[in-house]
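Quick note on labels: first sequence line is chain A, next is B, and so on, each numbered from 1. The figures here come from the full heavy-atom set of this structure, side chains too, leaving out hydrogens, waters and symmetry mates.
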Amino acid sequence: MLDIKLLRSNPEKIKEALKQRKADAASFGKFAEIDSEWRKLTLEIDELRARRNKASESQAKDGKELREKIKELEEKKRTAEEQLNLILLQIPNIPDSSVPAGKSAEDNVEIRRSGKPPCFTFTPKPHFEIGEKLGILDFERATKVSGSRFVILKGLAAKLERALINLMLDTHTKENGYTEVFPPILVNTKSMQGTGQLPKFEEDLYHCSDDLWLLPTAEVSVTNIHREEILSINDLPLKYCAYTPCFRREAGSYGKDVRGLIRQHQFNKVELVKFTEPEKSFAELEKLTLDAEKILQKLGLHYRVVELCAADLGFASAKTYDLEVWFPSQGRFREISSCSNFEDFQARRALIKFRRDAKAKPEFVHTLNGSGLAVGRTLAAIMENFQKEDGTFEIPEVLNAHL
RNA sequence: GGAGGAGUACCCAAGUGGUUCAAGGGGACGGUUUGCUAAACCGUUAGUGGGAGCAAUCCCAGCGAGAGUUCGAAUCUCUCCUCCUCCGCCA
């Protein structure tokens with residue numbers, strides 16, 4: 001959520017910024033109108049209430065009339081407030097000034113590369129062929145059990161999945177200084193609103209009974225750990241890592257990546273989340289990205305870091321680096337991690353603040369997160385990059401300690 | 001799921017319709033004293049959100065959340081949430 005004061009004082013700046021990310025500026029066309037209506041009502045109500053307070057002090061009898069008038073105006077104010085809130089919750093974050101302009105994902109900027117693509121003396125196979133042939137990936141039965149875009153990992157694949165999770169968690173906790181948490185996987189509506197999944201992206205989410213939602217990413221429950229809290233500056237930066245399954249409906253991606261582990265309704269991910277002071281968040285984003293990269297380096301996978309252009313940024317993000325890993329069967333890089341600085345966008349929605357010292361006014365923290373990494377895609381990348389002509393694949397040395 | 005109980009500010013806590021437009025204590029912060037620390041004493045302390053104003057400042061909201069009754073609600077009524085105790089069920 002953006003600062004409402006910014007919307008009042010400088011709407012043009014925001015409209016300009018939103019154009020960059022192809023968001024519709026029309027979404028808050030009525031903002032000014034409704035906002036001034038709201039302020040007018042607020043003033044009127046406050047004055048009436050002041051009069052009522054005076055009247056009740058002297059036990060005068062004209063309070064009834066005032067009460068009815070107040071009730072009427074409050075009703076109107078509530079309506080305006082709801083509309084205003086809906087507008088505010090649907091406006092995306094403003095891209096940071098360092099973010100490159102662009103029209104689409106084509107305009108993302110490569111920042112750096114690590115390693116080299118593997119050379120094959122044969123035509124490399126896609127991971128799902130390798131896995132099905134080895135009997136360790138079973139898409140057919142998973143479809144029977146659940147539906148399309150599900151998989152059953154069997155034997156070595158299941159074991160590798162677990163080893164990867166452990167490698168990631170151990171690296172982030174022991175080497176990168178994150179605190180491991182295992183959060184709820186079902187969350188309430190307020191949490192989904194806090195990080196920005198709702199109200200706008202309901203169609204991407206699984207909604208359960210009792211008004212609970214399945215996590216699309218651990219970002220939601222981990223960031224909301226500190227919702228409506230005032231943190232001490234001594235605790236910053238707070239760094240958490242969490243392994244959770246993630247659930248996405250993938251509405252609107254029919255026909256995309258239909259085969260294999262790349263795009264599943266359920267997948268495992270290790271997530272990194274940080275809470276920082278505003279002036280440190282961009283430096284922390286660089287570090288967080290390096291933390292995620294470290295896993296790919298340990299596994300010996302070829303990857304590149306890409307800075308997303310304004311048009312490709314996620315709803316809540318001010319700046320994002322994607323890590324993309326090489327997939328030999330496709331001859332291209334695919335996203336395996338996304339590391340973002342949300343600045344105070346999520347903190348404002350979720351009311352996460354900190355105090356610089358005992359007397360200071362609370363300020364919003366900055367929140368960041370990144371995948372460290374998407375586990376299924378990592379497994380797929382290992383199978384493809386380290387495959388041998390006989391249809392088997394090598395297991396990176398570093399995983400042995402975790403198998 | 002059933003039956004009870006509770007939720008007041010950073011913490012503990014008084015308060016069942018109008019000098020409580022939220023006592024008291026602890027803590028925290030500031031000060032006096034002191035070579036330093038502690039103690040003692042004095043003072044400050046609901047944070048927050050919102051509105052008006054160039055500003056000093058003024059006003060409004062707020063006792064778990066929301067609605068209601070009333071001239072007036074922490075206090076009465078209803079709904080919901082959370083926690084605790086007992087019973088039942090359960091990995």
Just by modelled atom types, is the [Y] backbone N or O under 3.5 Å from a matching donor or acceptor in the [X] side chain?
X        : Y        : value
A:Asn108 : A:Cys309 : yes
A:His302 : A:Ser114 : yes
A:Arg113 : A:Val305 : no
A:Asn385 : A:Trp326 : yes

(message) Check A:Glu44 with A:Arg49, please: is the shortest side-chain N to carboxylate O separation under 4.0 Å?
(response)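 No.
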(request) Taking only Lys NZ, Arg NE, NH1 and NH2, and the carboxylate oxygens of Asp or Glu, determine whether A:Lys19 and A:Glu16 approach each other closer than 4.0 Å. (result)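 A salt bridge links A:Lys19 with A:Glu16.
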Take atom [atom1] of [X] and atom [atom2] of [N], then tell me their distance rounded to the nearest Å.
X        : N     : atom1 : atom2 : result
A:Asn188 : B:C81 : CG    : C1'   : 11 Å
A:Glu44  : B:A52 : CD    : C1'   : 13 Å
A:Asn85  : B:G49 : CG    : P     : 16 Å
A:Ile230 : B:A46 : CD1   : P     : 15 Å
A:Lys69  : B:C60 : NZ    : P     : 19 Å
A:Leu48  : B:G72 : CG    : P     : 13 Å
A:Glu68  : B:C71 : CD    : P     : 9 Å
A:Phe354 : B:U48 : CZ    : C1'   : 16 Å

Phosphate OP1/OP2 of [N]: any [X] side-chain N/O under 4.0 Å:
X        : N     : value
A:Lys40  : B:G50 : no
A:Arg39  : B:G50 : no
A:Arg355 : B:C10 : no
A:Lys71  : B:U69 : yes

(message) According to ring pair (Phe, Tyr, Trp, His ring centres under 6.0 Å), does anything in residues 230-262 of chain A pair up with another residue at least two apart or in another chain? List the pairs.
(response)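 Qualifying pairs, neighbours excluded: A:His226-A:Tyr240.
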Could you tell me how far [M] sits from [N] if I compare only their [atom1] atoms? Round to whole Å.
N     : M     : atom1 : value
B:C12 : B:A67 : C1'   : 31 Å
B:U37 : B:A74 : P     : 45 Å
B:A91 : B:U16 : C1'   : 45 Å
B:A28 : B:U34 : P     : 24 Å
B:G18 : B:A13 : C1'   : 24 Å
B:A61 : B:G66 : P     : 14 Å
B:A23 : B:G15 : C1'   : 8 Å
B:U19 : B:U75 : P     : 15 Å

So what does [X] hit on the nucleic acid, given a heavy-atom distance under 4.0 Å: a base, only sugar-phosphate, or nothing?
X       : result
A:Arg78 : sugar-phosphate
A:Lys77 : nothing
A:Arg8  : sugar-phosphate

(request) With sequence neighbours left out, write down each residue that passes side-chain contact (heavy atoms from CB on, under 4.5 Å) with A:Asn85, or none if nothing qualifies. (result)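 side-chain contact (heavy atoms from CB on, under 4.5 Å) check on A:Asn85 returns A:Leu89.
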(message) Which residues pass the salt bridge (Lys or Arg N to Asp or Glu O under 4.0 Å) test with A:Lys125, not counting sequence neighbours?
(response)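 For A:Lys125 there are no salt bridge (Lys or Arg N to Asp or Glu O under 4.0 Å) partners, ignoring immediate neighbours.
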(request) Report the residues that fulfil salt bridge (Lys or Arg N to Asp or Glu O under 4.0 Å) with A:Asp344, sequence neighbours left out, ordered by chain and then residue number. (result)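 Counting only residues at least two positions away or on another chain, A:Asp344 forms a salt bridge (Lys or Arg N to Asp or Glu O under 4.0 Å) with A:Arg348.
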(request) Whenever both distances are under 3.5 Å in a Watson-Crick or G-U wobble pair, mark it; put RNA chain B into dot-bracket that way, with [ ] for crossing pairs and | when the partner is on another strand. (result) ((((((((.[[[..)..(.....]]]((((((.......))))))..(((((....)))))..[[[[[..)....]]]]])))))))....
Could you go over nucleotides 61-65 of chain B and give all protein N or O partners under 3.5 Å, atom names and distances?
from  : atom 1 : to      : atom 2 : distance (Å)
B:A61 : OP1    : A:Arg52 : NH2    : 3.4

(request) Go through B:U48, B:G51, B:C71 for me and flag the one nearest to the A:Arg67 side chain. (result)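 For A:Arg67, the side-chain atoms sit closest to B:C71.
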(request) Using the closest heavy atom to pick a nucleotide of RNA chain B for each, name whichever of A:Ala50 or A:Ile4 lands nearer the 5' end. (result)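 Closer to the 5' end of RNA chain B: A:Ile4.
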(message) Please tell me whether A:Thr179 and A:Lys239 have a donor and an acceptor in their side chains that are separated by less than 3.5 angstrom.
(response)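 There is no such pair (donor and acceptor under 3.5 Å, judged by atom type) between the side chains of A:Thr179 and A:Lys239.
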